[in-house]
There are 2 protein chains.
Amino acid sequence: MHGGAPFKIALFADLHFGEDTWTAWGPRQDLNSARVMSSVLDQEQPDFVIYLGDVITANNVVVKNASLYWDKALSPTRNRGIPWSTIFGNHDDAPFEWPIEWFSQSGIPQIHCPDTNSPFPGCEECGFRGTTRLELMKNEIERNSLSYSKKGPKNLWPSVSNYVLKLSSSDDSQKAMIFMYFFDSGGGSYPKVISDSQVKWFQRKSKEVNPHARMPEIIFWHIPSEAYKTVAPKFETTSKHYCVGSIFSEDVAAQEGEMGIMKVLEERPSVKAVFVGHNHGLDWCCPYTKKLLWLCFARHSGYGGYGNWDRGARIIEINERPFSLKSWITMEDGHLHSEVLLSS
Amino acid sequence: MHGGAPFKIALFADLHFGEDTWTAWGPRQDLNSARVMSSVLDQEQPDFVIYLGDVITANNVVVKNASLYWDKALSPTRNRGIPWSTIFGNHDDAPFEWPIEWFSQSGIPQIHCPDTNSPFPGCEECGFRGTTRLELMKNEIERNSLSYSKKGPKNLWPSVSNYVLKLSSSDDSQKAMIFMYFFDSGGGSYPKVISDSQVKWFQRKSKEVNPHARMPEIIFWHIPSEAYKTVAPKFETTSKHYCVGSIFSEDVAAQEGEMGIMKVLEERPSVKAVFVGHNHGLDWCCPYTKKLLWLCFARHSGYGGYGNWDRGARIIEINERPFSLKSWITMEDGHLHSEVLLSS
C-alpha cells in the first residue's frame, strides 16, 4: 500500500450480516448496514477500510456457505474501488443456534435464499454448521483483488486473521510510514483469546520489519483485552477526563484470558493504539498506563447485533510529516464527534 | 427381532468415549468403560443392548471422524455377537471445546491417534469440529450387521435417532410381543428437546403398527423430560416410597422444552415405561401420574463424563406369557439391586 498524506482509514465494526434470514426483519438490517457503510464511505472517502470482526452472525446463518453474507458486507467498499482488510470476531464462525420455537408446532420456517445470482455454492441447501474461518478467508481473498486480508501463519491456527500491512511513505515506497497489525482475538469456534503463539509471532515479526521500533505501529483486533477494563471510564480509579468518546453504556466484555500481548505492546514505544469492536455500547479511546498507548473502541456500524445506539464508524487519519495519528467518529447521518489525537 | 421369553436387554448409558485423548487419563477411561460393558454382558448375557446416548464426548474429540470412538464403544457388544441399537445424547455431536490452556505457553498438545488400524479415515488429521449425527449413524449402520439403529425419517431432522423396533412373539414372528420406541432428545448441535414433529411421528407410527394399543410399548431417549422433575424423590410433594433406585444425588437435568410427548405417552395405556440417561447421579424408577407409566433412569455405565458413582447398567427383562416387564441394575462388580416390576 502506498500512503500519501493524510491517509484515511474507516473502521466498520460489528456489522452482523445474515441475521434471521427467515424473517423480513433480518434482510432489512443488512440493507440498513450497507446504507451506513455507503454513507460513511461517500462522506469520508477513505483510502482504506478495515472490517473489525463480527462481519456476519454465523450463529444465525442457515445456508451452507456463510461467505454469501460476508461478501455482501464487503460490497459497499468493493463497489467504490476502495481496498480493505478483515479480521474475525467471535460471531464469524460461531456454530448455528437453533431457535427452540422451531421444534414446536410452528416447525422450521421456510428458508429463502438471500439472492439467486450469488457467486457462492451452497445457497440452495441449508448447512446449519457455519463456515470455518479458513473457508471464509479463502473465499474472500480468492475473489477480491482489493482485499489485503491474509490467512496468517499456519502455526497460529485456530486463529486465522493474523498479519501485518505496511503503509508506505509517499516519498519512498520501500520505506514504511506506519505498520498495521491485525490479530484474530478468537471466539466462536474456540476461546476468546490472543494466544502465546500470537504474542511470539508479533515479537518476531515486529523485530523483523521494524527492528528499531522507529516507525509507528497500530493494532487491530475484535475483542477488548482485560486491559480495557482497567481504563474504562466507568471505574472510579481512572480519570474519565482523559478518555474521549460518546457512549459509555456497558461494561467491557473482555477476552477470556491474557497470554501476554498487552505486556509486549505496552513495552514497545512504537505501538500507538489498539482498536477493537465487540462492545456495541462503547466508542471511547482511553490512554493506557503512563506510556502513550491508546486503547480505542470502534463504533457499532451494523444494524445486526444487539443495541440501538446510532450507527457510525471510527475514522483514523495518518499524517506522515510531521507524523500524527488522529481519530474521530463519523455517524450515519454525517455528524462527526469524539475527535482525539493519538500521537503527540 | 425374535423374542423368546424372557428377553433381556442391557442399557449402556453415558459411556462418554474419546475424552482427553491427549492425556494418559482419557484413553484409560475408555478401557475402563469397555471393562464395565464386558463384565455386565458376560454376567447377564442379554439378548439385546441399547446404547442410551452420550456414547462419546464429541466436545473432546479432536480427530476428524468421531466414529472412531463411537465404534470402540460398540465393540464389547459386537465382539459377543449381540445385536444392539443406539440413540443420541447431547454430547455425541457437540462441537469441540478448546481448552484455554492450549493458548498459553504450553501450546496445543501433540495429538496421538487412538489406534493405527482404525477402520475410519481422518485419524491422522485433527478436525476439531465433531461429526454430525447423520455421519455417526451412517458409519455405524453401514459397517455393522448387528446394528438395529436407524436414521429415522428425514422430516424429523435435525433429530436423527427416531425409530421403532418390534420384538416378535416366540410363537409367531409376525406378531409383536412389545414395541420399543427410540427418540433423539437433542442437545449438542441443537436444543435439548423432543419436537412437535417427533410427537406427531410417534402418534402416526404407533397408530400404524399397534392400532388398538394392544401390545405394550417402551420408550427410550437420552435427556429426561420435565415430567421427571415432578416425580423426582427429592421433592416433598412426591412419595419416595413408590420410587425404586439407589442414587438420588442430583437434580433432574431436564430438556429445554416440552412439546407434547409426555401428554401423548401418558394418554396411551400401552406405554409402560420411559428410560433415559443423562443424569449420572440418578438411577431411579418412579411412577408417573395415576396411570401405570414408569419414568426410569438408566445407570451411568461409563468412566467418561462427570461423577464417580460406581458404574453399572440397567437391565430390562420382558416375559411374554404372562406378560411382565421387570428391571434391575447390575453393577460392574456383579452386584444386583433396585429390582422393580414395571408391569402389573
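Numbered from 1 within each chain, the chains take letters A, B, ... in sequence-line order.
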Sort B:Ser106 into side chain, backbone, both or neither according to what part of it lies under 4.5 angstrom from a heavy atom of chain A.
neither
Looking only at A:Pro99, A:Gly186, A:Ser104, A:Gly260, the option with the highest number of non-hydrogen pairs under 4.5 Å against chain B is A:Ser104
Output yes when B:Glu208 and B:Arg204 qualify as a salt bridge under the 4.0 Å nitrogen-oxygen rule, no when they do not.
no
So, B:Asp92 and B:Arg133, do they make that salt bridge, N to O below 4.0 Å?
no
Check whether A:Thr132 reaches the backbone of A:Glu135 with its side chain - one donor and one acceptor, N or O, closer than 3.5 Å.
yes
Under 3.5 Å, is there a donor-acceptor pair between the side chain of B:Asp14 and the main chain of B:Val55?
no
The interface call for A:Phe96 against chain B, heavy-atom contacts under 4.5 Å, is backbone
Which answer fits A:Ser159, side chain, backbone, both or neither, if we ask what part of it has an atom under 4.5 Å from a heavy atom of chain B?
neither
